[in-house]
**Q** 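Can you read through this structure? Questions will come right after.
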Amino acid sequence: MNFDTPEDGKAILGNDSEKTAIREEILDEIADLEEYARRGVAPPHCRGYRIRINGERYEVFKPVITGLEVLELAKLTPPKDYTLRLKIAGQPPRKIALHESVDLRTPGVEKFKATPREQTEG
């Protein structure tokens, strides 16, 4: 068993995996997803997440968001008239359905791109 004293002065007892679990905390900040993707690390659990949709920045205050919520946040209505794509670092953009959930804490989540659907789509 290890004894550690973090910055707040409170001792933490336990093995390394227990300490990791204890230190998994919600940070009182907004995580910029593009910045975390550039650094190649997963964003922490925090108060909110800064995302980019079609070049504009938005703040989301929950870790999981649907395609519909992304489009509504960007005021792209009606949502069914748009195709939404998610860019994850090192991967090609992929389509996100309106009902599909995206966990913003996934390592590499960078940004969203929405384009008007062509008449021949859907």
Side-chain angles (χ1 to χ4, degrees):
M1 189 170 290
N2 298 329
F3 294 87
D4 284 339
T5 304
E7 292 174 18
D8 66 5
K10 296 179 183 173
I12 297 175
L13 302 176
N15 60 35
D16 288 337
S17 63
E18 288 171 336
K19 288 189 297 187
T20 300
I22 291 169
R23 289 185 180 151
E24 181 75 31
E25 61 185 54
I26 296 176
L27 301 176
D28 190 26
E29 64 180 45
I30 304 293
D32 186 320
L33 295 185
E34 285 184 306
E35 178 62 31
Y36 281 92
R38 263 193 295 280
R39 294 186 348 216
V41 297
H45 294 271
C46 58
R47 185 171 62 89
Y49 302 89
R50 187 169 299 115
I51 63 174
R52 191 177 295 265
I53 308 167
N54 289 358
E56 296 293 321
R57 291 178 184 244
Y58 298 89
E59 290 180 357
V60 178
F61 297 96
K62 59 185 187 173
V64 178
I65 189 169
T66 66
L68 176 64
E69 291 171 318
V70 170
L71 293 169
E72 287 176 341
L73 183 63
K75 298 185 179 4
L76 298 172
T77 57
K80 66 178 182 59
D81 289 349
Y82 290 86
T83 297
L84 182 65
R85 288 184 172 79
L86 168 65
K87 177 66 176 100
I88 295 179
Q91 299 178 18
R94 70 173 179 89
K95 279 187 182 181
I96 301 294
L98 293 178
H99 63 277
E100 186 176 348
S101 295
V102 175
D103 188 337
L104 300 175
R105 297 166 298 187
T106 302
V109 169
E110 283 184 30
K111 57 190 167 187
F112 294 89
K113 178 74 174 174
T115 54
R117 286 182 184 246
E118 299 295 323
Q119 294 292 54
T120 56
E121 286 188 53

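As a basis for the values below, the full set of heavy atoms in this structure was taken, side chains included, without hydrogen atoms, waters or symmetry mates. If you're wondering where the values come from, they're calculated on a predicted model, not measured in any experiment.
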**Q** Does the R105 side chain pair with the main chain of A42, one donor and one acceptor, at a distance under 3.5 Å?
**A**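 Not at all, since once roles are kept as given, no pair shorter than 3.5 Å links the two residues.
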
**Q** Can you tell if the side chain of V102 reaches within under 4.5 Å of the side chain of F112, non-hydrogen atoms only?
**A**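 When only atoms from C-beta onward are counted, F112 and V102 do touch, with a gap below 4.5 Å.
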
**Q** If you look at every heavy atom in A31 and P44, which pair is closest and at what distance?
**A**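 Looking at all heavy atoms of both residues, the closest pair is CB-CD, 4.3 Å.
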
**Q** On a heavy-atom basis, which atom in Q91 and which in K87 lie closest, and how many Å separate them?
**A**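 Looking at all heavy atoms of both residues, the shortest contact is O-NZ, 2.6 Å.
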
**Q** Answer with yes or no whether the hydrophobic clustering places I30 together with L73; edges join I, L, V, M, F, W, Y residues whose side-chain heavy atoms lie under 4.5 Å apart.
**A**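 No.
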
**Q** Could you measure the distance from the CD1 atom of I51 to the NZ atom of K111? Nearest 0.5 Å is fine.
**A**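 If I round to the nearest 0.5 Å, the distance is 13.0 Å.
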
**Q** Would you name the heavy atoms of D32 and R57 that are closest together and state the gap between them?
**A**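 Looks like OD2-NH1, 2.6 Å.
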
**Q** What closest approach, in Å, do Y49 and K62 show between heavy atoms, and which atom pair accounts for it?
**A**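 So the minimum-distance heavy-atom pair works out to CD1-O, 3.7 Å.
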
**Q** Look up atom CD in E72 and atom CD1 in I65, then write down how far apart they are to the nearest 0.5 Å.
**A**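 That separation rounds to 9.5 Å.
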
**Q** So how far is it from I88 CD1 to T106 OG1, rounded to the nearest 0.5 Å?
**A**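 That separation rounds to 6.5 Å.
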
**Q** Give me the one residue out of V70, D81, L71 that meets side chain to side chain contact (heavy atoms under 4.5 Å, CB included) with L76.
**A**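 Among the candidates, only L71 passes.
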
**Q** Kindly compute the distance separating CD1 (I96) from CG (L84), expressed to the nearest 0.5 Å.
**A**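 The distance works out to 6.5 Å.
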
**Q** Just so I know, are the side chains of P43 and L104 near enough to count as touching, which here means a heavy-atom distance under 4.5 Å?
**A**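 The answer is no; the side chains never approach within 4.5 Å.
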
**Q** For the atom pair CZ (R85) and CZ (R94), what is the distance rounded to the nearest 0.5 Å?
**A**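 Going from the CZ atom of R85 to the CZ atom of R94 covers 12.0 Å.
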
**Q** Would the distance check show the side chain of R117 and the main-chain N or O of Y82 forming a donor-acceptor pair, the cut-off being under 3.5 Å?
**A**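 Yes; judged by distance alone, with no hydrogens or angles, the pair exists.
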
**Q** Quick check: closest heavy atoms across T83 and K95, and the distance to 0.1 Å?
**A**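 T83 and K95 have their closest heavy atoms at CG2-CE, 3.7 Å.
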
**Q** Should N54 and K113 count as side-chain neighbours, where that means a heavy-atom distance under 4.5 Å?
**A**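 N54 vs K113: side chains touch.
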
**Q** Would you check if H99 and L68 make a side-chain contact, meaning some heavy-atom pair closer than 4.5 Å?
**A**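 Answer no - side chains too far apart.
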
**Q** Can E56 and K75 be counted as an ion pair, charged N to O under 4.0 angstrom?
**A**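 No, E56 and K75 are not salt-bridged.
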
**Q** Write down the atom of E110, the atom of L33, and the distance for their closest heavy-atom approach.
**A**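 That would be O-CB, 4.4 Å.
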
